[in-house]
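Notes to accompany the following structure.
Keep in mind the model is a prediction, meaning the values are calculated, not measured. Letters A, B, ... mirror the listed sequences (proteins, then strands); counts begin at 1.
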There are 4 protein chains.
Amino acid sequence: MSVNRVILIGNVGQDPRVKYFDTGSAVATFPLATTDRGYTLANGTQIPERTEWHNIVASNRLAEIVDKYVHKGDKLYLEGKIRTRSYSDQSGAMRYITEIYVDNMEMLSPKGANPGAGASASGQPATGQQQQPVAGQPQQTQQSQAQPVQDNPADDLPF
Amino acid sequence: MSVNRVILIGNVGQDPRVKYFDTGSAVATFPLATTDRGYTLANGTQIPERTEWHNIVASNRLAEIVDKYVHKGDKLYLEGKIRTRSYSDQSGAMRYITEIYVDNMEMLSPKGANPGAGASASGQPATGQQQQPVAGQPQQTQQSQAQPVQDNPADDLPF
Amino acid sequence: MSVNRVILIGNVGQDPRVKYFDTGSAVATFPLATTDRGYTLANGTQIPERTEWHNIVASNRLAEIVDKYVHKGDKLYLEGKIRTRSYSDQSGAMRYITEIYVDNMEMLSPKGANPGAGASASGQPATGQQQQPVAGQPQQTQQSQAQPVQDNPADDLPF
Amino acid sequence: MSVNRVILIGNVGQDPRVKYFDTGSAVATFPLATTDRGYTLANGTQIPERTEWHNIVASNRLAEIVDKYVHKGDKLYLEGKIRTRSYSDQSGAMRYITEIYVDNMEMLSPKGANPGAGASASGQPATGQQQQPVAGQPQQTQQSQAQPVQDNPADDLPF
DNA sequence: TTTT
DNA sequence: TTTT
């Protein structure tokens, strides 16, 4: 018997990426930031503010809700569980990434507060998003943008 | 404003490693396993049981309690927060490890249920313990045991 | 948007009472005790140990699991929400009772640790159970035991 | 060993009442509302939206923070524990009230969103507050406002 | 009423 | 590496 439970309130770092599969399932992923206030220890040591980035994963019905309503900048309440999965990097070495699989979500931002790229006039999607460092996320080595990029298996799920 | 909160109930995978510093502070680290029951989806797909390994870190007073009372096999209730830290591996590449910084702990095993290496007659401490793979933990390449090993900075904290 | 979430680990004070309805639904209720350790304040004041009694309610599938597996003395992990309901006491005055509606449960006791009245040799069921004071529970005034007691509406649900 | 943990996100129903004691300690109390969304069962039954009122209690340093920053209408994140205490009502009968003793609080409203009575020009404190029904709160019978009201012992602590 |  |  065991329990694996996470509760987060934080801000969405990038517009979510959502994949729909022909089985009808869907997966949404996005980074969420939580920030600890800095403080001063009894001995005078200053502990600075610190931001933690979480790799969030939502499935199915929740992925669709994320797709419709969640945007960069939104404040969210999330419940879920911690999951670490392994993948092979380009050199074939085993790497790990820790993700939060969400099973409950509440929106804390007022509606329309962060309309996101999809609501903008230009509609230019967030291409910069893959260059954002996300804690624990597999880093891609630089690749030419000119030729079609084969799907990287390590890229297949979540991050 | 944000919240980063984790609640775990699981089993200790190895006797904790505890370091005491000359500043009087202490840090204890150990792996904790949580296991999801397997289940069957509506469409008949079998989802097997799955074990998650968490890298637990406790400091100061809590580290001392861990040192005294926590042993391999114990069932624990833990509250804490998620923290991902980076380090450089042997090739100089950036790696990430996600840890749970504990701030509240309750023992769920009956007292004396798992006396651990320190309570055994031989008292031979768990030297094999450092060779155990821990999910998301930096792996050390094989090194000669013959000469004194310099502390690896990546080894310094937690795992 | 809001969150109402409770996490309890404690001991079952009495064998659960379970009601099955002809609609197929079921409700299980039982008291759960959590105990805070006593401690000493900086100024020397002793804060004694304190036991809190929670009125637990489980429905449907969870009520059936409670019926089968939960017994007096068991240690349980529960997740749920707080709910206060009102009822009228015998004098017609409005009274309140706060209950925990459970939506997730894990058994922390080893199997068979507390077999309960139904598994005992004498099999004498816990008739005294309805006379146990439960914190916040509507108190019944003394009634004759000689004649069949009509169901009290205030007694109908949970406690 | 046990755990008694509550997590709430909701809205403050009334400006907090704060009492300072000559020992230097302080206690703040206020009602917090959480609202469950309504939903429709598989069989078509409509479950309406439902608001739950929680009796919140904060002590000492947290009470002072409440005094300074928390106002009617604010959205709060709270962590704490459930506590039911008894008191005698006017007829001498034992009554129960369930409260949430808070040990962690985060403000979810933008600063200055709800300035409260204390920040208004008139500064007329919320006299209506005692007429708000709070779930599980001891009800006061009507008393003349003309003469000084003796402290009711049941009124002494929290609510 | 539970349990440590 | 734990545990059921």
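- F:dT2 atom C1' lies 9 Å from atom NZ of B:Lys75, rounded to whole Å.
- Side-chain atoms of A:Thr84 and A:Thr98 form a donor-acceptor pair, as typed in the model, at a separation below 3.5 Å.
- B:Gln46 meets the side chain to side chain donor-acceptor pair (under 3.5 Å) test with B:Thr40; sequence neighbours excluded.
- Protein atom CD of B:Glu49 is 8 Å distant from nucleotide atom C1' of F:dT4, rounded to whole Å.
- Closest to the side chain of C:Thr35, from the set F:dT1, E:dT2, F:dT2, is E:dT2.
- Among residues two or more places apart in sequence or in another chain, the salt bridge (Lys or Arg N to Asp or Glu O under 4.0 Å) test is passed with C:Glu79 by A:Arg5, C:Arg5.
- Rounded to an integer number of Å, the gap from C:Asn11 CG to E:dT4 C1' is 9 Å.
- Put simply, CG on B:Asp74 is 16 Å from C1' on F:dT4, counting in whole angstrom units.
- A cation-pi arrangement, defined by a distance under 6.0 Å to the six-membered ring centre and an angle within 45 degrees of its axis, is absent between D:Arg95 and D:Tyr87.
- The NE2 atom of B:His71 sits 14 Å away from the P atom of F:dT3 (whole-angstrom rounding).
- Rounded to an integer number of Å, the gap from CG of C:Leu108 to C1' of E:dT3 is 12 Å.
- Within 4.0 Å (heavy atoms only), C:Thr51 reaches at least one base atom of the nucleic acid.
- The side chain of B:Asn114 lies closest to F:dT3, out of F:dT3, E:dT2, F:dT1.
- Distance, C:Arg37 CZ to E:dT3 C1': 13 Å, rounded to whole Å.
- Put simply, CD on B:Glu52 is 14 Å from C1' on F:dT1, counting in whole angstrom units.
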